[in-house]
Student: 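The structure that follows is given in the form of structure tokens.
Quick caveat, the model's predicted, so the values are computed rather than measured.
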Amino acid sequence: EAYIDIPLIDLNDAGVEELDALPGIGEWYAKKIVEYRNELHGYSFKEQLLDIYKFAQDKYDRLSDLIIVRRPYSFPLWELSADSLRRHPYIRDMETAHSIVLFRDNNPRELWKVENLCSAGILPKKDADRLERCVL
């Protein structure tokens, strides 16, 4: 109804209790949402929930109108060490993280783009596409 004001839940600010109250979430998913937020260094877009293990599209569709990412967190891709980069879900391993650092150290700043990491064979297209949607 037009007269009902349902407050949106910000994925970057919500605690487990708030997330648990969302339809179809429950405590297990609420904890996973918070854990994944920590791995990402904060959500950049709400569709990142679909990256969570067994978080199905229908579950997302039921709550997408109730959630928001007001202040997307910036992921400092071009500043972090390889050890820190490897912990990001779209990078995942030390070899990829080390390759990103080598790319950064051996290329001018104007070439520091996720699409160039993909072109150089450092990131697979799927991960590059997701990382490109993040605030860097």
Student: For a side-chain hydrogen bond (donor to acceptor under 3.5 Å, both in side chains) with Tyr90, tell me which candidate from Gln48, Arg133, Glu132 qualifies.
Tutor: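 In the set Gln48, Arg133, Glu132, the residue that makes a side-chain hydrogen bond (donor to acceptor under 3.5 Å, both in side chains) with Tyr90 is Gln48.
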Student: Out of the candidates Ile67, Ile68, Asn12, only one should pair with Tyr43 under the side-chain contact (heavy atoms from CB on, under 4.5 Å) rule; please name it.
Tutor: Asn12
Student: Would you indicate whether the side-chain heavy atoms of Ile91 and Arg87 approach each other to under 4.5 Å?
Tutor: no
Student: So that I know where these two stand, are His41 and Phe75 an aromatic pair - ring centroids less than 6.0 Å apart?
Tutor: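 Yes: the rings meet the under 6.0 Å criterion.
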Student: So Lys113 and Leu117, side-chain contact (heavy atoms from CB on, under 4.5 Å) or not? Walk me through it.
Tutor: CA-CA 7 Å; Lys113 297 180 178 145; Leu117 294 175; over 6 Å; no
Student: Taking the six-membered ring where the residue is Trp, are the ring centres of Tyr60 and Phe55 under 6.0 Å apart?
Tutor: no
Student: Can we say Asp127 and Arg130 salt-bridge, meaning some charged N sits less than 4.0 Å from an Asp/Glu carboxylate O?
Tutor: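 Result for this pair is yes, salt bridge flagged.
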Student: Please tell me whether Trp112 and Val135 are part of a single hydrophobic cluster in this structure, the criterion being side-chain heavy atoms less than 4.5 Å apart.
Tutor: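 Different hydrophobic clusters.
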Student: Step by step, would you call Leu49 with Lys59 a side-chain contact (heavy atoms from CB on, under 4.5 Å)?
Tutor: CA-CA 10 Å; Leu49 291 177; Lys59 182 180 292 294; over 6 Å; no
Student: State plainly whether the residues Arg71 and Asp13 are in salt-bridge range, i.e. N to O under 4.0 Å.
Tutor: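 Yes, this pair counts.
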Student: Under 4.5 Å between side-chain heavy atoms, hopping through other hydrophobics if needed: is there a path connecting Ile52 to Leu66?
Tutor: yes
Student: Identify whether the distance between the nearest side-chain nitrogen and carboxylate oxygen of Lys31 and Glu35 falls below 4.0 Å.
Tutor: no
Student: Should we say atom CD of Glu39 is surrounded by more than 12 heavy atoms from elsewhere, each under 6.0 Å from it?
Tutor: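 Correct, the count exceeds 12.
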Student: Might you confirm whether atom CZ of Arg62 has over 12 heavy atoms from other residues, nucleotides or ligands at distances under 6.0 Å?
Tutor: yes
Student: Take atom CD of Glu47 as the centre, draw a 6.0 Å sphere, and report whether it contains more than 12 heavy atoms from other residues, nucleotides or ligands.
Tutor: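 Yes.
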Student: Please examine the side chains of Phe103 and Asn116, heavy atoms only from C-beta on, and report whether any two atoms are closer than 4.5 Å.
Tutor: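 Sidechains of Phe103 and Asn116: in contact.
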Student: Any heavy-atom pair between the side chains of Arg37 and Leu11 that's under 4.5 Å?
Tutor: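 No, too far: nothing below the 4.5 Å cut-off.
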Student: Side-chain contact, heavy-atom cut-off 4.5 Å: Ile33 with Ile25?
Tutor: yes
Student: Would you check if there is a donor-acceptor pair between the side chains of Thr96 and Asp93 at a distance under 3.5 Å?
Tutor: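 A pair is found: one side chain offers a donor N or O, the other an acceptor, under 3.5 Å apart.
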Student: Just so I know, are the side chains of Val114 and Leu77 near enough to count as touching, which here means a heavy-atom distance under 4.5 Å?
Tutor: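 Heavy-atom side-chain distance check passes, below 4.5 Å.
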Student: Does the side chain of Tyr36 reach to within under 4.5 Å of the side chain of Asp51, using non-hydrogen atoms?
Tutor: yes
Student: Once you round to the nearest 0.5 Å, how far does CG of Leu131 lie from OG of Ser44?
Tutor: 9.0 Å
